[in-house]
Amino acid sequence: MKNITDLLKISPILFPAMFGGCIDKTPSPNVIIIYADDLGFGDLSCNGEKTVRTPNVDRLADSGVRFTDAHAVAATSTPSRYSLLTGQYAWRRKDTGIATGDAGMIIRPEQVTIADIFRDKGYATGAVGKWHLGLGDKQGTQDWNGLITPGPADIGFDYSCIMAATGDRVPCVYVENQQVVNLDPNDPIYVSYKDSFPGEPLGRNNPELLYKLKPSHGHDMAIVNGISRIGYMKGGKQALWEDESIADSITNKAVNFIENNSDKPFFLYFATNDIHVPRFPHSRFQGKSGMGHRGDAILAFDWSVGQILDALDRLGLRENTLIILSSDNGPVVDDGYEDQAVELLGEHRPWGDFRGGKYSNFEAGTRVPFLVSWPAKVKNAVSDALVSHIDIYASLSKLIGSEIPQGAAPDSRDQLNSLFGKDQKGRDYVVEQANSLSVSDGTWKYISPSDGAAFSKWTNTELGNDKVPQLYNLRQDIAEKTNVAAEHPETVEKLKAILEKEKAGN
Ligand code: NG6
Ligand code: CA
């Protein structure tokens, strides 16, 4: 295990929790990050859409700060998660794109993550739910039938119960403390992203076996639980998850973690499977939103949030628990399965007022729901401050009085005052990653030129790629309709220079 005290080369003094510059007697808060998957700004009723009801998330919003200009670091999962946990922009590394289910662990054991910071401070640390950051040393070399290492324990998490990648990627099993749960040793698991396994049915060859969901694009390989996925898998029948109970299973694990650690400070990274594809929520949610599986998955997500809040209330921990709720990237309606999300969307606007969505350079790619609640310390407010997940690392380190070792979290800055609603301005700018890099200062948004496609017909997303520089005035044109780069060359130059400086740094 890394020893941060050694990295800092200081004596192991335990600092009391620091807050607002003075020593505070409040015991160290518990910290929970609830990280939804593909949940759009408009997918929550607290953000103003009338077409969806998320009462438990609203409960959280009513007890904290609700942000209107908060950004995930990237418009897809792996780079966003990498950046959140390491405090380093994923685009600084080439190997941080959407990971396969057999990717080696992308965060290397020697990197100091935010979980390491908490663990070093005596917190119990846990990661539950979607991982999508790779496991093991190298792609395709994991032994899924033994201890899969390196894994979450090597990057700061004492406890983990995770899905290796995503719901739509094999292996479709839970991995608890780096071992597959409920595995029958007589039925070992094999995974490949190169070759299919002879004799195993595939979505593309056996559509008659797809009794739960059929793909709309891609997702035509291994069939698990009546749904075809990305990647090939064989064996492990007893360990396979059932899609309709994923929310229950991982939420229970998260609640157990809270219960088991209620007598000491804890840090929980709870990354839900909802509302990523394949969406196949439990029967108690199916048909309840009127918007098909996608809307029902939002209800399941909301239920999970309610379970966490109820557990904290039950244990008397709510007051001194800091909860951050957000999403890894913006929304997508058809992400590869025929689940009627498009047909039943109706008036609902997952992206709110913003253009684009998941995968896009436009705002809806990274402008995500963001709530911060800590009843003991933070007042209820709405904040337009410009904030980014990149700063969660340094801000939480500050909160618990930890110093960040040299070289760790190079892009993360302390923004506690913004997160707590005291500073209404936030960052000077945020860097957004999709196909291109963009910079927004809250008023102006610059998207760097690229050769990428302007539109994805598969997901029906405006990707925001253009061969020419784009500049939008978000104050006057929140939907990024009019490129005003030609009228404001000096602003283009200014934002471009910011980006170049960021790229040259760290
Ligand atoms: C894409 C998948 C999509 C989703 C995404 C990752 C296809 C056709 N599409 O490649 O379904 O899995 O990767 O999503 O395979 S993320 O939210 O985890 O980044
Ligand atoms: Ca995602």
Side-chain angles (χ1 to χ4, degrees), residues 33-41 43 71-85 90-91 95-103 106 129-134 162-172 193 202-204 213-224 227-232 243 246 269-280 293-294 297-298 301 325-339 341-342 350-351 356-360 364-370 389 432-435 452-453 456-461 463:
I33 297 179
I34 303 178
Y35 209 41
D37 199 351
D38 298 358
L39 188 75
F41 186 89
D43 283 324
H71 293 260
V73 174
T76 52
S77 156
T78 303
S80 273
R81 288 160 205 264
Y82 174 87
S83 306
L84 179 119
L85 293 177
W91 46 262
D95 56 350
T96 53
I98 298 171
T100 57
D102 69 345
I106 294 167
K130 172 173 170 174
W131 185 241
H132 211 191
L133 289 164
I162 55 175
M163 304 160 70
T166 59
D168 58 350
R169 284 171 175 75
V170 301
C172 301
Y193 276 72
L202 299 178
R204 56 178 169 255
L213 284 174
K214 292 187 178 27
S216 59
H217 57 274
H219 304 102
D220 61 357
M221 297 165 239
I223 300 175
V224 176
I227 301 173
S228 49
R229 322 267 168 168
I230 308 170
Y232 305 103
D243 295 74
I246 293 175
Y269 171 72
F270 176 40
T272 67
N273 169 57
D274 291 314
I275 62 169
H276 197 277
V277 296
R279 308 170 188 124
F280 203 82
H293 289 319
R294 186 177 186 281
I298 296 173
F301 172 74
L325 181 146
S326 198
S327 177
D328 65 339
N329 51 251
V332 57
V333 181
D334 178 352
D335 206 15
Y337 289 93
E338 290 178 3
D339 60 6
V342 175
W351 38 82
K358 178 178 180 177
Y359 310 110
S360 178
T366 64
R367 201 190 284 212
V368 286
F370 195 72
H389 292 172
E432 307 171 29
Q433 175 191 355
N435 187 60
S456 160
K457 70 171 180 162
W458 299 112
T459 59
N460 191 25
T461 306
L463 297 171

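Residues take their numbers from the sequence shown, with the count starting at 1. Remember, it's 1-based here, ligands and their atoms both numbered in the order they're listed. No hydrogens, no waters, no symmetry mates; every other heavy atom, side chains included, goes into these values.
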Would you say the side-chain atoms of Tyr359 pair up with the backbone N or O of Gly330, donor to acceptor, closer than 3.5 Å?
no

Interatomic spacing from OG1 in Thr96 to OH in Tyr82 - rounded to 0.5 Å
7.0 Å

Under 4.0 Å from a heavy atom of His217: give me the atoms of ligand 1 that qualify, with their elements.
8 (C)

In Asp328, the N, O or S atom nearest to the Ca ion (ligand 2) is which?
OD2

With carbon and hydrogen excluded and only N/O/S kept, which atom of Asp37 is nearest the Ca ion (ligand 2)?
OD1

With a 4.5 Å limit on heavy-atom distance, are the side chains of Arg294 and Val342 in contact?
no

Which part of Tyr337 is near ligand 1, with near meaning a heavy atom under 4.0 Å away: side chain, backbone, both or neither?
neither

Side chain, backbone, both or neither: the part of Lys130 lying under 4.0 Å from ligand 1 by heavy atom
side chain

Which residue and atom name correspond to the protein heavy atom nearest atom 10 (O) of ligand 1, and how close is it?
Arg169 NH2, 3.6 Å

Side chain, backbone, both or neither: which part of Asp335 has a heavy atom under 4.0 Å from ligand 1?
both

Heavy-atom gap Ser77 to ligand 1 smaller than 4.0 Å:
yes

Identify the two heavy atoms, one from Asp328 and one from Arg81, that lie closest to each other, and give their separation to 0.1 Å.
OD2-NH2, 2.9 Å

